[in-house]
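Notes follow the structure.
If you're wondering where the values come from, they're calculated on a predicted model, not measured in any experiment. Computed from heavy atoms alone, side chains included, the values below leave out hydrogens, waters and symmetry copies.
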Amino acid sequence: MEYLNDTGLLLEQPDDSYKFSSDAIALGNYVQCRPTDTVIDVGCGTGVLSLLIADNCHPNQIISVDINPAATEQLKKNLQLNHDRLSSTNFTILTADARQLHTLRPNQVADVIVCNPPYFTTGKKPHNTNRQLARHADTLSLTELATLCTKNVKYGGIIYFCYPANQIAQAITIFENENFRIKEIKLLSNHKGVYLAIFKAKKGGGHHTTMLV
């Protein structure tokens, strides 16, 4: 059992799952949304982002999607652990390939999409299937993420995602090609220097980007 914040939000993770990192916490705490919003958490895993966003922002609805049934089952348990404090948000949990989400929810679009995408493209893959699904980009490339966002977020809607800082130019290009404008980039650092960027993109937004450190 882990505490996600200093107010006692709880997360339980199986031993064989990919453990959440400080990156996911930073992204979850960066997201902003309104009480009337519908939020989609793409690749929700065991629920780090869904739980933090519900606790911080209290949106009307969160749709949590993951291709891994073990992850979505654990998310259901984590919602029960925190039921009293998250009761103002309606949760829908889908075990599905997020790339096909538009076919599961035709003519329904969200106000906000959030994703901590898998971005490892090289190196040895974990033998554990749960960890492999969470970490490697062959399960959801950044181009595929941008495409599914186009299909599932309304015009003027907001996308939050993180990606390696040394690939900022690639991320901007991919989302620009899908008519998203990068509005904010927040850089995260560790003892080795800047390593990660958190992006806020707007569908159909103007060309103005703010850099945050």
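- The local environment of NZ in K202 is sparse, with at most 12 non-hydrogen atoms from other residues, nucleotides or ligands closer than 6.0 Å.
- Judged by distance alone, with hydrogens and angles left aside, the side-chain atoms of T89 form a donor-acceptor pair with the main-chain N or O of P59 at under 3.5 Å.
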Could you pull out all donor-acceptor pairs under 3.5 Å where a side-chain atom in residues 205-213 meets a protein atom, sequence neighbours excluded?
residue: H207; atom: NE2; partner: R181; partner atom: NE; Å: 3.2
residue: T209; atom: OG1; partner: I182; partner atom: O; Å: 2.6

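- Closest non-hydrogen pair, A24 versus L49, comes out as O-CD2, 3.4 Å.
- Side-chain atoms of S64 and D41 form no donor-acceptor pair, as typed in the model, at a separation below 3.5 Å.
- At least one side-chain heavy atom of L140 sits less than 4.5 Å from a side-chain heavy atom of L148.
- No continuous path of ILVMFWY side-chain contacts below 4.5 Å connects L11 to L81, so the two sit in separate hydrophobic clusters.
- Annotation: side chain of I63 is in contact with side chain of R105 (closest heavy-atom distance under 4.5 Å).
- A98 and V42 make their closest contact through CB-CG1, 3.7 Å (heavy atoms, listed as atom of the first residue, atom of the second, distance).
- One distance of note links CG of L10 with CG of L79; it measures 12.0 Å at 0.5 Å rounding.
- Counting heavy atoms from C-beta outward, S50 and F91 have side chains that approach closer than 4.5 Å.
- Side-chain atoms of K200 do not come within 3.5 Å of backbone N or O of I158 as any donor-acceptor pair.
- Without hydrogens or angle criteria, N78 side chain to G47 main chain gives no donor-acceptor distance under 3.5 Å.
- Scanning for side chain to side chain contact (heavy atoms under 4.5 Å, CB included) contacts around A165 gives V194, with sequence neighbours left out.
- Of all heavy-atom pairs spanning G45 and L75, the tightest one is O-CB, 4.1 Å.
- The CG atom of L188 sits 5.0 Å away from atom CG of L196, with the distance rounded to the nearest 0.5 Å.
- Side-chain atoms of Q13 come within 3.5 Å of backbone atoms of F20 as a donor-acceptor pair (strictly under, hydrogens ignored).
- With hydrogens and angles disregarded, no donor-acceptor distance shorter than 3.5 Å links the side chain of D37 to the backbone of V39.
- Using modelled atom types, no side-chain atom of D66 and backbone atom of T72 make a donor-acceptor pair closer than 3.5 Å.
- Of the N and O atoms on the side chains of N5 and D55, at least one donor lies less than 3.5 Å from an acceptor on the other residue.
- Taking the centre of each ring, F175 and F199 stay at or above the 6.0 Å mark.
- Residues V112 and V153 have side chains not in contact (no heavy-atom distance under 4.5 Å, counting atoms from C-beta outward).
- Considering every non-hydrogen atom in both V109 and K151, the closest pair reads CG1-O, 4.1 Å.
- Checking Y163 against Q170 by side-chain atom types alone, no donor-acceptor pair falls below 3.5 Å.
- Within the model, atoms OG of S141 and CD1 of I174 stand 7.0 Å from one another, a figure rounded to the nearest 0.5 Å.
- For CD of Q108, the number of neighbouring non-hydrogen atoms (other residues, nucleotides, ligands) closer than 6.0 Å is greater than 12.
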Could you walk me through whether D23 and L27 pass the side chain to side chain contact (heavy atoms under 4.5 Å, CB included) check? CA-CA 6 Å; D23 304 348; L27 176 59; over 6 Å; no

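- Taken to the nearest 0.5 Å, the CG atom of N152 stands 5.0 Å off from the CD1 atom of I40.
- For N60 (side chain) and P35 (main-chain N/O), no donor-acceptor pair under 3.5 Å exists by modelled atom type.
- Here N29 contributes atom CG and S22 contributes atom OG; the two are 11.0 Å apart, rounded to the nearest 0.5 Å.
- Looking at I198 and I185, their side chains never come closer than 4.5 Å, going by heavy atoms from C-beta outward.
- Here the CZ-CZ distance, from F161 to F180, works out to 9.5 Å after rounding to the nearest 0.5 Å.
- Distance alone, capped at 3.5 Å, is enough to place a donor-acceptor pair between the H58 side chain and the A54 backbone.
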